[in-house]
Amino acid sequence: MNFWLFKTEPDVFSIEDLLACTQKTSSWEGVRNYQARNYLRDSVRIKDRVLMYYSRNEPSGVIGEMEVVRSGYPDHFAFDESSEYFDPKSKKESPTWYMVDVKYLKTLDRMISLKEIKSNPKLKEMVLVKNSRLSIQPVTREEYKEIIRMAGAKTLDV
DNA sequence: GCCAACGTTGGC
DNA sequence: GCCAACGTTGGC
């Protein structure tokens, strides 16, 4: 099992939006960065655990947990001219962009802010701290558990 | 809303 | 293949 952090702007897609989806499951479309695409296409697998992170939020931080329920497949929004994620460079026969499906697991008892993450020495190697731009990023098991612990969870199931 | 940091594009 | 110009992300 691998661990990840996915960024979203809550104005665009929030954890409440995910909860409102059928089976609390949604595609995670619109990633338009090659490094993030490579993770989605090649490395994100079913059963992987994902921290949902709110960017451009007050405060920014980790809001909840998700589980991957479908591994990488072509992001068909890139083919749809009416979509904000349309990309004429991506062709159906050789898709440029990929997405996965995620399912809601839980909302943290309290949000773990970026400020707290930055001030925790155990988290100083996180990609989030080192490269703030990447929207799909790997997290170690230890980092994942530390953030869940900071939110006050008494037991950890990972 | 500003703007630094980063990523992409395209002329040469 | 370099790199200037441009576009985007995201913290603040």
Side-chain angles (χ1 to χ4, degrees), chain A residues 2-21 26-44 48-68 71-102 104-140 142-152:
Chain A
N2 290 314
F3 300 86
W4 306 94
L5 180 148
F6 288 7
K7 289 183 191 171
T8 180
E9 294 179 30
D11 292 347
V12 178
F13 189 77
S14 71
I15 201 160
E16 290 81 16
D17 294 331
L18 179 59
L19 260 172
C21 291
S26 173
S27 53
W28 196 272
E29 69 272 16
V31 173
R32 296 291 177 268
N33 167 282
Y34 287 101
Q35 194 178 351
R37 185 281 309 272
N38 292 346
Y39 285 131
L40 290 179
R41 187 188 58 192
D42 305 331
S43 305
V44 177
D48 284 358
R49 295 284 287 263
V50 182
L51 298 170
M52 187 182 204
Y53 178 89
Y54 279 178
S55 61
R56 282 178 161 277
N57 193 53
E58 194 48 55
S60 294
V62 175
I63 185 73
E65 290 182 85
M66 307 184 288
E67 177 184 9
V68 178
S71 58
Y73 62 106
D75 182 342
H76 56 74
F77 292 89
F79 310 138
D80 178 359
E81 278 188 56
S82 67
S83 169
E84 62 180 312
Y85 299 127
F86 175 64
D87 181 355
K89 293 194 305 297
S90 186
K91 304 297 179 191
K92 284 185 181 175
E93 55 276 18
S94 60
T96 307
W97 305 116
Y98 282 74
M99 60 187 181
V100 300
D101 289 354
V102 290
Y104 174 92
L105 282 183
K106 77 169 289 184
T107 304
L108 298 187
D109 292 335
R110 65 182 194 89
M111 174 183 264
I112 302 304
S113 70
L114 178 62
K115 189 179 177 189
E116 286 177 84
I117 291 171
K118 283 181 169 174
S119 60
N120 184 333
K122 290 179 182 169
L123 302 177
K124 68 179 194 305
E125 296 299 321
M126 280 187 77
V127 179
L128 185 71
V129 176
K130 308 205 117 184
N131 169 11
S132 69
R133 296 283 302 269
L134 193 60
S135 63
I136 302 290
Q137 46 180 267
V139 172
T140 67
E142 289 69 31
E143 290 163 348
Y144 192 99
K145 290 175 77 166
E146 177 65 9
I147 286 174
I148 301 308
R149 187 197 63 75
M150 288 166 79

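Since the model is a prediction, treat every value here as computed from it, not as a measurement. Chain A is the first sequence line, chain B the second, and so forth, proteins listed ahead of strands; every chain is numbered from 1.
Heavy atoms of A:Lys115 sit nowhere under 4.0 angstrom from any nucleic acid atom. Note on A:Tyr53: only backbone sugar-phosphate atoms sit closer than 4.0 angstrom, heavy atoms only; bases stay farther off.
Between A:Arg32 and A:Asp75 a salt bridge is recorded (basic side-chain N to carboxylate O distance below 4.0 Å).
Side-chain contact, A:Asp42 with A:Tyr98: no donor N or O sits under 3.5 Å from an acceptor N or O.
Note: A:Phe6 and A:Trp28 have tilted aromatic rings, judged against thresholds of 30 and 60 degrees for the angle between ring planes.
Residues passing the side-chain hydrogen bond (donor to acceptor under 3.5 Å, both in side chains) test with A:Ser43: none are found, sequence neighbours excluded. In this structure, A:Phe86 has no ring-ring contact (aromatic ring centres under 6.0 Å, His included) partners at least two apart in sequence or on a different chain.
Running 5' to 3' along DNA chain B, contacts with non-hydrogen atoms of chain A at under 4.0 Å begin and end at B:dC2 to B:dT9.
Nearer to the 5' terminus of DNA chain B, by closest-nucleotide assignment, is the contact made by A:Arg56 (compared with the other of A:Arg56 and A:Lys89).
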